[in-house]
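Working notes, structure below.
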Amino acid sequence: MKRPAPTYDLYGERAGNGPDFWLHCETIPSRSSLHRYEIGLHRHESFFQILYISAGSGDALFEDRRLTLTPPAIATVPPALEHGFRFSRDVDGYVFTLLASHLRLAGEAGRFVSEPRVTPLDPGDADGAFVLSTLGRLAAEWTTRRSGRTDLMQAYLVSVLTLSARLWSRDETAGDAGETARRMEHLNGLIQQHFRGQKPAGFYAGELGISPTHLNRIVKAATGLTAHAYIGRKLIDEAKRELVFTEAPAQEISLGLGFADPAYFSRYFLRQTGETPRAWRLRERERLSAQSSE
């Protein structure tokens, strides 16, 4: 019987009751050299990882699939996936470990981060060069701990993953994958335009000229969510943004998001997040305040 892979926050460090960081950065050799450059199969329950390989070589093992690491490249690892690495002794680069809950990506980028990938980066390509430069800035920002670092690091992460998704899509086989990406891009624009009206999935299917069943299949393939859940996530994301960055009471926010009954909004928010709007607002503001004081 196969033994389950251990779960870590950071490799070799047992997961505690709760993580004490939302983003961690270290060089690849700083940890892998302690383990003879072999990182055994393991998983991260709540963390997404980006490995930037700038020198050396190696292999990435994603469950039963082995991929070659040839620099410059990044390997992206979604949470809960069993994975491991084997590096050459001249390996260099960075490992970024971040709470998956901080990823706010949709469309092509959301699909990209939902599966493990190894994405080559061409320094001669404008997008590839930007990703390489931004990864360096991200590592420097994490190390220097200057004011405004949290906002900058989040912006760098979004840029890196969104552009990496674009680079990945260039190499995908044309056809269904490309069509799905185009449909998701169109859907995201429609949701941004109409989400406050709480339009049903059937409305968006009609706007796209496809059946609700086909829309559900496309969204499920791209994000793992039903179309209804994907549309609803936009409402929750916007509610979270307004709870944190405005002083508006929850009742006012709920009306602005198309909820006729503020009590129903509170129950809906609780069902989706596990917390009431007020409790979520207080906890998130405390977290951001603590980060800004680092």
Side-chain angles (χ1 to χ4, degrees), residues 22-23 46-48 76 78-79 98-114 150-163 165 181 183-201 203-204 207-208 215-216 218-289 291-292:
W22 75 271
L23 174 68
S46 305
F47 292 97
F48 181 89
T76 47
L98 63 141
L99 277 172
S101 59
H102 278 250
L103 288 177
R104 294 289 187 267
L105 300 170
E108 187 176 70
R111 184 168 63 92
F112 175 77
V113 300
S114 68
T150 296
D151 289 341
L152 278 173
M153 290 190 298
Q154 288 179 326
Y156 290 155
L157 286 166
V158 170
S159 297
V160 163
L161 292 172
T162 302
L163 282 175
R183 287 270 170 79
M184 287 300 299
E185 195 72 27
H186 191 181
L187 174 63
N188 288 330
L190 289 170
I191 292 173
Q192 183 64 36
Q193 183 180 354
H194 298 289
F195 75 91
R196 293 180 186 275
Q198 296 199 21
K199 302 290 187 182
F203 166 82
Y204 292 102
E207 291 294 302
L208 291 170
L215 174 64
N216 204 55
I218 288 172
V219 175
K220 189 78 171 177
T223 70
L225 299 173
T226 64
H228 176 76
Y230 185 72
I231 295 163
R233 190 170 70 177
K234 175 61 179 176
L235 274 174
I236 291 296
D237 286 347
E238 183 62 20
K240 288 179 175 179
R241 188 191 70 79
E242 294 190 24
L243 285 167
V244 171
F245 297 110
T246 76
E247 298 300 327
Q251 180 177 354
E252 181 180 325
I253 291 172
S254 70
L255 293 174
L257 292 175
F259 289 88
D261 181 1
Y264 176 73
F265 165 70
S266 186
R267 292 194 299 272
Y268 180 80
F269 191 92
L270 175 63
R271 189 166 62 247
Q272 297 296 319
T273 67
E275 294 179 287
T276 65
R278 181 177 184 277
W280 190 91
R281 169 181 263 171
L282 291 173
R283 183 180 60 78
E284 191 67 6
R285 285 184 172 180
E286 287 176 0
R287 184 186 65 80
L288 291 174
S289 177
Q291 286 183 355
S292 63

Can you tell me how far the [atom1] atom of [X] sits from the [atom2] atom of [Y], to the nearest 0.5 Å?
{"X": "R278", "Y": "L282", "atom1": "CZ", "atom2": "CG", "result": "5.0 Å"}
{"X": "Q154", "Y": "L103", "atom1": "CD", "atom2": "CG", "result": "10.0 Å"}
{"X": "H194", "Y": "E207", "atom1": "NE2", "atom2": "CD", "result": "5.5 Å"}
{"X": "L235", "Y": "F265", "atom1": "CG", "atom2": "CZ", "result": "9.0 Å"}
{"X": "L23", "Y": "M153", "atom1": "CG", "atom2": "CE", "result": "5.0 Å"}
{"X": "F48", "Y": "L161", "atom1": "CZ", "atom2": "CG", "result": "5.0 Å"}

With a 6.0 Å cut-off (strictly less than), is the heavy-atom count around [atom1] of [X], excluding the residue itself, greater than 12?
{"X": "Q272", "atom1": "CD", "result": "yes"}
{"X": "Q198", "atom1": "CD", "result": "yes"}
{"X": "H228", "atom1": "NE2", "result": "no"}

[X] to [Y] - nearest heavy-atom pair and separation:
{"X": "T276", "Y": "L270", "result": "N-CD1, 3.8 Å"}
{"X": "S46", "Y": "P79", "result": "C-CB, 4.2 Å"}
{"X": "A227", "Y": "A201", "result": "CB-CB, 4.1 Å"}
{"X": "P78", "Y": "S114", "result": "CG-O, 3.9 Å"}
{"X": "E275", "Y": "F269", "result": "O-CD2, 3.2 Å"}
{"X": "R281", "Y": "I253", "result": "NH2-CD1, 3.8 Å"}

Within the structure provided, determine whether [X] and [Y] are in side-chain contact (heavy-atom separation under 4.5 Å).
{"X": "V219", "Y": "I231", "value": "no"}
{"X": "E252", "Y": "T246", "value": "no"}
{"X": "F47", "Y": "L99", "value": "yes"}
{"X": "F112", "Y": "L105", "value": "no"}
{"X": "I218", "Y": "L208", "value": "no"}

N/O donor-acceptor pair under 3.5 Å between [X] side chain and [Y] backbone:
{"X": "N216", "Y": "T226", "value": "no"}
{"X": "R285", "Y": "L243", "value": "yes"}
{"X": "E108", "Y": "T162", "value": "no"}

In terms of ring plane angle, is the pair H102 and W22 parallel, tilted or perpendicular, where the classes change at 30° and 60°?
parallel

How are the rings of Y264 and F259 set relative to one another: parallel (under 30°), tilted (30 to 60°) or perpendicular (over 60°)?
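Y264 and F259: tilted rings.
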
Pairing residues for F195 by the ring pair (Phe, Tyr, Trp, His ring centres under 6.0 Å) criterion, not counting sequence neighbours:
none

Should E238 and R104 count as an ion pair when the cut-off is N to O under 4.0 Å?
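The answer is no: the pair does not qualify as a salt bridge.
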
Could you please spell out the steps behind the side-chain contact (heavy atoms from CB on, under 4.5 Å) verdict for K240 and T273?
CA-CA 10 Å; K240 288 179 175 179; T273 67; 3.8 Å; yes

